[in-house]
Structure formats: structure tokens, C-alpha cells
Peer 1: 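Quick one: structure below, then a few questions.
In the text below, chain A, chain B and the rest are named by the order of the sequence lines, each starting its count at 1.
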2 protein chains.
Amino acid sequence: MKELRRDVYQAISDPVRREIITLLAEKPRNLNAVANEFPISRPAISKHIKILTECGLIHIRVEGRERFCEAKLESLGEVSEWTNQFKRFWTNKLNALEMHLKNAGKSKPKKK
Amino acid sequence: MKELRRDVYQAISDPVRREIITLLAEKPRNLNAVANEFPISRPAISKHIKILTECGLIHIRVEGRERFCEAKLESLGEVSEWTNQFKRFWTNKLNALEMHLKNAGKSKPKKK
DNA sequence: TAAAAATGTAACCATTTGGTTACAAATATA
DNA sequence: TATATTTGTAACCAAATGGTTACATTTTTA
């Protein structure tokens, strides 16, 4: 694996990596502790951790033979900003729905 | 291409697809108009469009021989929510920085 | 009706991805 | 010191990805 084109969007495109992020956001764990949460092999997790480290989403604190992984999710802010620029696409729809429900509730004709 | 495991995270992991989204969010265009904005071939763009359509990020309105693509970015809301649950990871840092700058400005010792 | 335009898609290709097993290395423990 | 623990990584593999060219189809236009 050469791990090219590493960016935060690609990092979070894998569901396992998203779960790792969620786990580590809760509390730091060493690599084995992370691996134990998944049905796949430790080396596979090790690779995911490497990818997440490479794009700055987690930081490794070496402690003896253990590597403690902690979430450093600043760069998720970039994704947040990118998606938020399109917020109108779902909030408008939401508002329209709310409006509709409100009106429906207000002037609902008796179902006779 | 079998296009398996199609979800919004994977859809936006490709930079070309993110650009397509940005383009179409501005205004709908037919497939050729989209393809003309990129240095890659029309079939390549056609595949990207297909992927975006499959995961609901764009909608195709057929009009004669043309296919007008329009952005339907509701499902980006999912990504927004997912990232926002980790907001503290970058806003805290931001607050800390602001605080630091504010204090630095307030009580900055004269550099003598 | 013949030609042009817009698009889909098949067949192909190289690279990347995400997993595996096997082994090595460093550190901690009995 | 011998053994167990924690991790890295090499070598391998199948499938997915992102691109290409070539050709077919449908619709519009001259």
C-alpha cells in the first residue's frame, strides 16, 4: 500500500474508520483495544490507524510498547464547512415540511 | 463497475465529484456542460454522475436527448450531523486560541 | 431524410483499497 | 533470562476505483 491522495474526505469514506473515530472521540485507547472492537484483524486496524494518523485525525502517544491513539478531529471542521455551505438544500426542505405540518395541523378539515 | 457500497461519504470522497456537486449547486446543467468543466473524458464524468445519482445527491431531469442534472443535497445533512457531533474538537481549540489572543492583547507586557 | 448532438455503456486497463497470514522487533513480566 | 504482550510490516490477494476508447442509441436539426 502506498497510501496516496490522503485527505480527510477519503479518510472518513470508510465505515470502519468512521467507527474508529467515534470510539477514540469517546476516549483514547491503545491499538489492541481498538482492534478488539472490530471483527477484522489487528493489522487491518493498524492500517486504518495509519491512514487516520497520516491525515491528522488521530495522534499516537507512544508509551512503552503501547501506542495510545487519541482523536484530533480539527480537520473534520473542513468537512463541516464544506457541507454547511449547502445547508440550504436540507434546511429549506425542512422548513417547508414544518410549514406544511403546521398548516395542516391548523386548518385540518374534519375527517367526517 | 458494479458500484457497490454506495453511500454519501464515499460519494464525496472523490474530488471530481465534490467539484461536480459545487457546480450543480450553483445551477443545473446537462451532462455535457458538466463534462466541459473537467479535463477528463465525458464517459468518466458520466460515471461520476451515475454514482452521485445512485446515492441521491443529484437528480436527472430528462429533456429530449439531454439530461439535466440538478443538485439534491439533502443527504449531505447526514455528513453535516456526523461531523458536527465532533464540533468540540475544533471549536474548543478555536475558543482557546481566541482567549489566548484576547489575553495577549490585553496584558501584553511591553517588549522593552 | 441525412447528419449532428447528447448520452449510455461495454470492454478494457492500471492503480488503489481493504483485507489476510506470517514473521520480526521492542518492551514488560514471571 | 525466558516468555508473553503489543505493535509494525512484508508479501500476498481479490475486488473496487477511476480512467480510457470504441461503438450504439435517441433526438434534434439542416
Side-chain angles (χ1 to χ4, degrees), chain A residues 1-24 27-71, chain B residues 1-24 27-72 79:
Chain A
M1 256 199 222
K2 238 172 289 170
E3 273 105 33
L4 296 169
R5 217 192 71 203
R6 202 101 292 167
D7 67 42
V8 66
Y9 295 95
Q10 209 234 341
I12 66 169
S13 72
D14 185 273
V16 172
R17 286 197 289 269
R18 286 200 300 280
E19 279 193 68
I20 293 176
I21 286 173
T22 302
L23 263 179
L24 294 178
K27 72 166 192 288
R29 292 151 208 256
N30 68 16
L31 198 141
N32 269 345
V34 174
N36 286 338
E37 302 286 333
F38 296 89
I40 62 179
S41 73
R42 183 190 48 82
I45 296 295
S46 184
K47 286 189 188 179
H48 284 306
I49 297 277
K50 190 176 204 174
I51 290 171
L52 290 169
T53 305
E54 276 171 10
C55 74
L57 284 168
I58 72 177
H59 174 254
I60 308 290
R61 177 166 43 85
V62 178
E63 204 155 304
R65 65 187 158 181
E66 293 177 70
R67 269 104 184 102
F68 279 91
C69 314
E70 24 194 332
Chain B
M1 258 200 224
K2 239 172 284 167
E3 276 106 32
L4 297 170
R5 215 191 74 200
R6 203 101 292 168
D7 67 42
V8 67
Y9 295 95
Q10 209 235 342
I12 66 169
S13 72
D14 185 272
V16 172
R17 286 196 288 270
R18 285 200 301 279
E19 278 193 68
I20 293 177
I21 286 173
T22 302
L23 263 178
L24 294 178
K27 72 165 193 287
R29 291 151 209 256
N30 68 18
L31 198 140
N32 269 346
V34 175
N36 286 339
E37 302 286 333
F38 296 89
I40 62 179
S41 73
R42 182 189 51 77
I45 297 295
S46 185
K47 286 188 190 183
H48 284 306
I49 298 277
K50 190 177 204 176
I51 290 171
L52 290 169
T53 305
E54 277 171 7
C55 72
L57 284 167
I58 71 177
H59 175 254
I60 308 289
R61 178 166 41 86
V62 178
E63 204 156 304
R65 63 184 160 183
E66 292 176 72
R67 268 104 184 102
F68 280 91
C69 312
E70 25 193 332
K72 305 273 282 179
V79 179

Peer 1: Select one nucleotide: of C:dG18, C:dG19, D:dG19, the one nearest the side-chain heavy atoms of B:Ala44.
Peer 2: D:dG19
Peer 1: Can you check whether A:His48 has a side-chain N or O nearer than 4.0 Å to OP1 or OP2 of C:dT17?
Peer 2: no
Peer 1: Under 4.0 Å from OP1 or OP2 of D:dT17: is there any side-chain N or O of B:Arg6 that close?
Peer 2: yes
Peer 1: Taking five pairs at each end, how big is the angle between the two axes of the helix from C:dT1-D:dA30 to C:dA30-D:dT1, to 10°?
Peer 2: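 Helix axis angle between the two ends: 10°.
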Peer 1: Between C:dT20, D:dT20, D:dG18, which one does the side chain of B:Ile40 approach most closely?
Peer 2: D:dT20
Peer 1: Are B:Arg67 and C:dA6 close enough that a side-chain N or O sits under 4.0 Å from OP1 or OP2?
Peer 2: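 No, no such contact exists.
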Peer 1: Salt-bridge test for B:Glu63 and B:Arg61: reply yes if a basic N is under 4.0 Å from a carboxylate O, no otherwise.
Peer 2: yes
Peer 1: List for me each residue that meets side chain to side chain donor-acceptor pair (under 3.5 Å) alongside A:Arg17, sequence neighbours excluded, and say none if there are none.
Peer 2: A:His48
Peer 1: Which whole-number value in Å describes the distance from A:Tyr9 OH to D:dG18 P?
Peer 2: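 Rounded to the whole Å, the gap is 16 Å.
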Peer 1: Using atom CZ of A:Arg17 as one end and atom C1' of C:dT17 as the other, report the distance to the nearest whole Å.
Peer 2: 9 Å
Peer 1: A:Asn32 side chain N/O closer than 4.0 Å to the phosphate oxygens (OP1, OP2) of D:dT7?
Peer 2: yes
Peer 1: Any chance you could measure A:Lys50, atom NZ, to A:Arg6, atom CZ, to the nearest 0.5 Å?
Peer 2: 10.0 Å
Peer 1: Under the rule for side-chain contact (heavy atoms from CB on, under 4.5 Å), what residues qualify as partners of B:Glu19, not counting sequence neighbours?
Peer 2: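 Here the qualifying residues are B:Phe38.
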Peer 1: Just how far, in rounded Å, is C1' of C:dT20 from CZ of A:Phe38?
Peer 2: 18 Å
Peer 1: Please name all residues satisfying side-chain contact (heavy atoms from CB on, under 4.5 Å) with A:Arg29, sequence neighbours left out, ordered by chain then number.
Peer 2: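 A:Leu23, A:Leu24, A:Glu26, A:Lys27, A:Ala33, A:Val34, A:Glu37.
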Peer 1: Working to the nearest 0.5 Å, report the span between CD1 of B:Ile45 and CD1 of B:Ile20.
Peer 2: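 Going from the CD1 atom of B:Ile45 to the CD1 atom of B:Ile20 covers 4.5 Å.
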Peer 1: Verify side chain to side chain contact (heavy atoms under 4.5 Å, CB included) between B:Ile51 and B:Leu57, making sure each step is shown before the conclusion.
Peer 2: CA-CA 9 Å; B:Ile51 290 171; B:Leu57 284 167; over 6 Å; no
Peer 1: At less than 4.0 Å, is any side-chain N or O atom of A:Ser41 found next to OP1 or OP2 of C:dT20? Yes or no.
Peer 2: yes
Peer 1: Rounded off to whole Å, could you give me the CD-to-P distance for the A:Gln10 and C:dT16 pair?
Peer 2: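 The answer, rounded to whole Å, is 11 Å.
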Peer 1: Please tabulate, one pair per line, each protein N/O and nucleotide N/O from nucleotides 24-30 of chain D that are separated by under 3.5 Å, including the distance.
Peer 2:
{"residue": "D:dT27", "atom": "O2", "partner": "B:Arg65", "partner atom": "NH1", "Å": "3.4"}

Peer 1: Please give, in whole Å, the distance from C:dG8 P to B:Asn30 CG?
Peer 2: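 Between P of C:dG8 and CG of B:Asn30: 10 Å.
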Peer 1: Which is it for B:Ile60 and B:Ile49 under the side chain to side chain contact (heavy atoms under 4.5 Å, CB included) test, yes or no, and what are the steps along the way?
Peer 2: CA-CA 9 Å; B:Ile60 308 289; B:Ile49 298 277; 3.8 Å; yes
Peer 1: Looking only at N and O atoms, is any donor in the side chain of A:Lys50 or the base of D:dG8 less than 3.5 Å from an acceptor on the other one?
Peer 2: no
Peer 1: When the distance from CZ of B:Arg29 to P of C:dA5 is rounded to whole Å, what number comes out?
Peer 2: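 Going from CZ in B:Arg29 over to P in C:dA5 covers 21 Å.
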Peer 1: A:Ile51 CD1 to C:dG19 P: how many Å, rounded?
Peer 2: 9 Å
Peer 1: Under 4.5 Å between any side-chain heavy atoms of B:Lys72 and B:Ile58, yes or no?
Peer 2: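 SC-SC contact between B:Lys72 and B:Ile58 ruled out.
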Peer 1: Output the single nucleotide from D:dG8, C:dG8, C:dT20 whose closest atom is nearest the side chain of A:Lys47.
Peer 2: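 Side chain of A:Lys47 sits closest to C:dT20.
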Peer 1: For a quick test of reading the model: is some side-chain N or O of A:Ser46 closer than 4.0 Å to OP1 or OP2 of D:dG8?
Peer 2: yes
Peer 1: Calculate the interatomic distance between B:Asp7 atom CG and D:dT17 atom C1'; express it in whole Å.
Peer 2: 15 Å
Peer 1: Checking B:Ser46 now: which residues fulfil side-chain contact (heavy atoms from CB on, under 4.5 Å) with it, not counting sequence neighbours?
Peer 2: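 Expected list: B:Leu31.
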